[in-house]
Amino acid sequence: MHTYQSLKAQLAQMGIDPRGTLLVHSSMKAIGEVEGRADTVLDALCDYMKDGLLIFPTHTWDAITRERNVMEVATEPCCVGILPELFRKRPGVVRSFHPTHSVAALGREAEAYVA
């Protein structure tokens, strides 16, 4: 079972620069069992990347149609998994205004990135 500490250690072992930019395409199913579930994964990623920029896709393409063509940045749920959905709701996270392929970002220059 993965833990907060084991996830942070794996990020370091992969050579991910904690001061760089990390775009995460995620799957909780692929990660496997985690103590504390999705929140633990996000805690580990956010803490590891605290001096860098962490980005998740928060796409809404499944909900936007010709008839329903307005995306509410603050409240529109994303359609690409539990990790991006929970991430976009975290304090300090900012989200881009793209109506179907938005991203959410946290950290260094996050507002400039999503702009």
Side-chain angles (χ1 to χ4, degrees):
M1 175 186 294
H2 296 288
T3 66
Y4 168 85
Q5 290 299 336
S6 70
L7 292 169
K8 281 185 68 174
Q10 288 175 16
L11 292 166
Q13 289 169 356
M14 287 187 279
I16 295 171
D17 181 358
R19 292 184 180 94
T21 299
L22 180 62
L23 173 62
V24 179
H25 288 268
S26 59
S27 165
M28 273 303 294
K29 184 177 179 180
I31 294 171
E33 194 172 347
V34 179
E35 181 181 283
R37 304 171 61 160
D39 283 319
T40 298
V41 174
L42 291 175
D43 290 345
L45 284 164
C46 290
D47 289 350
Y48 186 82
M49 294 301 296
K50 70 181 180 289
D51 295 322
L53 179 61
L54 180 60
I55 305 164
F56 277 84
T58 53
H59 299 176
T60 57
W61 45 260
D62 70 332
I64 304 300
T65 65
R66 285 181 192 244
E67 296 76 31
R68 187 183 176 282
N69 59 12
V70 175
M71 192 265 288
E72 295 291 335
V73 171
T75 60
E76 190 75 43
C78 68
C79 65
V80 289
I82 189 66
L83 290 170
E85 178 61 14
L86 293 175
F87 179 71
R88 75 169 183 84
K89 296 176 181 179
R90 285 189 164 218
V93 171
V94 293
R95 189 177 188 184
S96 67
F97 287 99
H98 195 284
T100 60
H101 288 75
S102 62
V103 296
L106 178 66
R108 184 180 31 88
E109 300 181 25
E111 295 218 10
Y113 185 86
V114 299

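As a basis for the values below, the full set of heavy atoms in this structure was taken, side chains included, without hydrogen atoms, waters or symmetry mates. Since the model is a prediction, treat every value here as computed from it, not as a measurement.
- Atom OG1 of residue Thr40 and atom OH of residue Tyr4 lie 10.0 Å apart, to the nearest 0.5 angstrom.
- Between the Arg108 side chain and the Gly20 main chain, a donor and an acceptor come within less than 3.5 Å of each other.
- Taking 4.5 Å as the limit, some side-chain heavy atom of Leu45 sits within range of a side-chain heavy atom of Phe56.
- Across every non-hydrogen atom of Val103 and Pro57, the tightest pair is CG1-CA, 4.1 Å.
- Residue Glu85 comes nearest to Lys89 through the heavy atom pair OE2-CE, 3.1 Å, listed as atom of the first residue, atom of the second, then distance.
- With 3.5 Å as the limit, one finds no donor-acceptor pair spanning the side chains of Arg88 and Thr58.
- The heavy-atom pair separating Ser26 from Pro84 by the smallest distance is OG-CD, 3.6 Å.
- A distance of 5.5 Å separates CD of Gln10 from OG of Ser6, quoted to the nearest 0.5 Å.
- Once rounded to the nearest 0.5 Å, the distance linking OH of Tyr113 with CG of Leu54 reads 11.0 Å.
- With values rounded to the nearest 0.5 angstrom, Phe87 atom CZ is found 8.5 Å from Ile55 atom CD1.
- For His2 (side chain) and Ile31 (main-chain N/O), a donor-acceptor pair under 3.5 Å exists by modelled atom type.
- Atom CD of Glu33 and atom CE of Met28 lie 9.5 Å apart (nearest 0.5 Å).
- Note on Leu11: it does not cluster hydrophobically with Met1, by side-chain heavy-atom contacts below 4.5 Å among ILVMFWY residues.
- Within a 6.0 Å sphere centred on CD of Glu35, heavy atoms belonging to other residues, nucleotides or ligands number 12 at most.
- Salt-bridge check for Arg90 with Asp43: passed, with a basic side-chain N closer than 4.0 Å to an acidic carboxylate O.
- At a threshold of 4.5 Å between side-chain heavy atoms, the hydrophobic network of Ile, Leu, Val, Met, Phe, Trp and Tyr places Val41 and Ile16 in one connected group.
- Rounding to the nearest 0.5 Å places CG of Leu7 at 11.5 Å from CG of Asp47.
- Of the possible donor and acceptor atoms, none in the side chain of Thr100 sits under 3.5 Å from a partner among the backbone N and O of Thr60.
- In this structure, Leu53 is not a member of the same hydrophobic cluster as Tyr48, with clusters built from ILVMFWY side-chain heavy atoms closer than 4.5 Å.
- In terms of heavy atoms, Pro91 sits closest to Leu106 at O-CD1, 4.0 Å.
- One hydrophobic cluster holds both Leu22 and Met14 under the rule that ILVMFWY side chains link at heavy-atom gaps under 4.5 Å.
- When all heavy atoms of Ala105 and Val114 are compared, the closest pair comes out as CB-CG1, 3.9 Å.
- Within the 4.5 Å cutoff, no side-chain heavy atoms of His59 are placed close to those of Cys78.
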Take Leu42 and Leu83 through the side-chain contact (heavy atoms from CB on, under 4.5 Å) test and state the conclusion after the steps.
CA-CA 7 Å; Leu42 291 175; Leu83 290 170; 3.8 Å; yes

